[in-house]
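On a predicted model such as this, the values are computed, not experimentally measured, just so you know. Every chain is numbered from 1 and lettered A, B, ... according to where its sequence line falls, protein lines coming before strand lines.
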2 protein chains.
Amino acid sequence: MSVSKKQLILDAALVLFVDNGIDGTSTASIAKKANVANGTLFHHFQTKADLVHALYLMIKEQFAQQISPNNANGNSIEQLASNVWNDAIDWSVANPNKLQFFKLVIHSHILSATIRREIMNQQLGFLEQLIIAGQQQGIFAQYPLDLILDNCQGQFLSVSSFFIERPQLTGDIKYREAAFKMFWNTLG
Amino acid sequence: MSVSKKQLILDAALVLFVDNGIDGTSTASIAKKANVANGTLFHHFQTKADLVHALYLMIKEQFAQQISPNNANGNSIEQLASNVWNDAIDWSVANPNKLQFFKLVIHSHILSATIRREIMNQQLGFLEQLIIAGQQQGIFAQYPLDLILDNCQGQFLSVSSFFIERPQLTGDIKYREAAFKMFWNTLG
DNA sequence: GTCTATAAGTGGATAGAC
DNA sequence: GTCTATCCACTTATAGAC
């Protein structure tokens with residue numbers, strides 16, 4: 001067995017959640033798509049909400065790994081911001097289901113409001129540092145940080161979805177540059 | 001009877017949808033909260049999806065009425081944009097459930113993808129005109145219109161939610177001006 | 001139009017053998 | 001860990017009396 005049943009369940013769940021919504025996907029259908037027995041699913045995940053949360057944590061880790069700026073030294077704020085933004089967009093386009101799942105989780109009621117808020121904060125930690133640095137250097141306007149972060153998340157989710165729905169535009173430099181420019185202008 | 005049963009059902013549905021999600025709300029619970037029999041609900045709305053759609057149409061009409069710029073003449077683009085943006089934020093803060101319901105519908109799978117896309121386009125019609133005018137006057141950058149619209153919707157939904165979750169900041173001029181500035185900067 | 005009663009099916013979750 | 005079999009509460013929607 002090359003892939004664990006637990007992983008098969010998570011993989012099947014992701015596809016079904018994106019296609020039918022989280023509430024619109026039954027645990028039975030997940031087990032069936034994963035070629036796993038119903039009971040096996042509940043052996044690995046106590047409840048459906050636990051499954052959703054575990055799937056989120058798995059994807060979040062992958063996302064964070066791709067996005068975290070690994071060579072911050074010597075780059076301008078704008079270059080750093082461009083790297084982070086475009087890495088995030090690239091990740092979304094390469095993993096459309098995972099980005100869509102993020103959106104589903106944020107708006108779903110299956111996880112508590114507390115967990116959903118925690119989700120958002122964790123995901124934007126790196127961005128927060130960058131904005132604070134930019135404000136200290138006088139590059140960015142002194143808008144309230146919490147408002148900036150919510151605004152940026154809104155832009156990221158909507159623009160990611162835009163590119164996911166139009167794969168032929170992903171490599172279009174005019175669109176890609178415009179997307180970053182709009183994001184960047186927001187901060188100034 | 002001052003309010004029709006149909007309206008009572010719509011009112012009850014809105015509250016329950018926002019609290020528990022659309023899929024998380026049963027038709028039985030809607031009927032119960034509306035003090036109406038189960039069968040009455042299905043007399044007025046053939047299916048649950050029909051009820052959701054009808055509720056959306058009702059709210060959309062109210063929103064459009066508040067937002068549509070009624071005195072476009074003689075104002076600068078920036079003044080027009082400010083009016084539209086702040087009217088939209090004011091409406092959201094005054095009708096938090098209705099704004100949250102918009103978000104639920106956009107991300108719900110209960111309505112077909114076609115209808116959801118139509119929803120977005122309709123809601124941003126007035127904004128499209130304003131952006132085109134601004135581009136023609138050279139005030140805005142020549143970013144692709146479809147990308148701008150998706151970006152703006154993302155900003156509006158996230159910033160509206162921000163103010164709804166923090167009512168004490170609604171009247172805070174620093175926050176309100178920052179919110180508009182960020183939106184406005186995006187376009188330049 | 002409104003009600004009661006109920007159909008017909010699905011949901012998440014459990015028990016217990018292997 | 002994995003499976004089969006099953007419980008039972010709940011869901012959307014309908015039938016038919018008033």
Novice: With a 4.0 Å limit, can you tell me whether H43(A) has a side-chain N or O closer than that to the phosphate oxygens OP1/OP2 of dA13(C)?
Specialist: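 No, outside the criterion.
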Novice: Distances under 3.5 Å only, N/O to N/O: pair up the protein atoms with those of nucleotides 16-18 of chain C.
Specialist:
none

Novice: In whole angstroms, how far is the C1' atom of dT6(D) from the CG atom of L41(A)?
Specialist: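 Going from L41(A) (CG) to dT6(D) (C1'), I get 17 Å.
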Novice: Locate the shortest heavy-atom distance separating N151(A) from Q155(B); write the atom from each residue and the value.
Specialist: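 So the minimum-distance heavy-atom pair works out to ND2-OE1, 2.8 Å.
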Novice: Assess the pair Y143(B) and Y175(A): is the distance between their ring centroids shorter than 6.0 Å?
Specialist: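 Not under 6.0 Å, so no.
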Novice: Which atom pairs link the protein and nucleotides 10-14 of chain D when you take only N or O atoms and keep those under 3.5 Å?
Specialist:
residue, atom, partner, partner atom, Å
dT12(D), OP1, K48(B), NZ, 3.0
dT12(D), OP2, T27(B), N, 2.7
dT12(D), OP2, T27(B), OG1, 3.0
dA13(D), OP2, K48(B), N, 2.9

Novice: Could you check whether any side-chain heavy atom of L51(A) comes within less than 4.5 Å of a side-chain heavy atom of K6(A), counting everything from C-beta outward?
Specialist: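 No, every pair of side-chain atoms sits at 4.5 Å or beyond.
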Novice: Could you check whether any side-chain heavy atom of I106(A) comes within less than 4.5 Å of a side-chain heavy atom of L157(A), counting everything from C-beta outward?
Specialist: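 Yes, close enough: below the 4.5 Å cut-off.
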Novice: Can you confirm whether Q46(B) is buried at CD, in the sense that more than 12 heavy atoms of other residues, nucleotides or ligands lie under 6.0 Å from that atom?
Specialist: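 No, not enclosed.
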Novice: Without decimals, in angstroms, what is the distance between K6(B) NZ and dT2(C) C1'?
Specialist: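 Roughly 15 Å, once rounded to whole Å.
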Novice: For H44(A) and dT14(C), what is the distance between atoms NE2 and P respectively, to the nearest whole Å?
Specialist: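 That distance rounds to 16 Å.
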Novice: To the nearest 0.5 Å, how far apart are NZ in K5(B) and NE2 in H44(B)?
Specialist: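 Separation between the atoms: 8.5 Å.
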Novice: Are V15(B) and D19(B) close enough that some pair of their side-chain heavy atoms sits under 4.5 Å apart?
Specialist: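 Result yes, sub-4.5 Å side-chain heavy-atom pair found.
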Novice: Counting the benzene-type ring for Trp, do F156(B) and F183(B) have ring centres under 6.0 Å apart?
Specialist: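 Not close enough - the centres of the two rings lie 6.0 Å or further apart.
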Novice: Rounded to whole angstrom units, what separation is found between the CG atom of D50(A) and the P atom of dT14(C)?
Specialist: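 One finds 11 Å between P of dT14(C) and CG of D50(A), rounded.
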Novice: How many whole angstroms separate atom NZ of K5(B) from atom C1' of dG1(C)?
Specialist: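 Roughly 9 Å, once rounded to whole Å.
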Novice: I need the minimum non-hydrogen distance between A179(A) and F163(A), along with the two atoms involved.
Specialist: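 Of all heavy-atom pairs spanning A179(A) and F163(A), the closest is CB-CE1, 3.9 Å.
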Novice: Within the structure, does a side-chain N or O atom of T40(B) lie under 4.0 Å from either OP1 or OP2 of dG1(C)?
Specialist: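 The answer is no; no side-chain N or O of T40(B) sits under 4.0 Å from OP1 or OP2.
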Novice: What's the CG-P distance between L8(A) and dT2(D), to the nearest Å?
Specialist: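 Rounded to whole Å, this separation is 9 Å.
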Novice: Specify the separation, in whole Å, of atom CD1 of I9(B) and atom C1' of dG1(C).
Specialist: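 Rounded to the whole Å, the gap is 11 Å.
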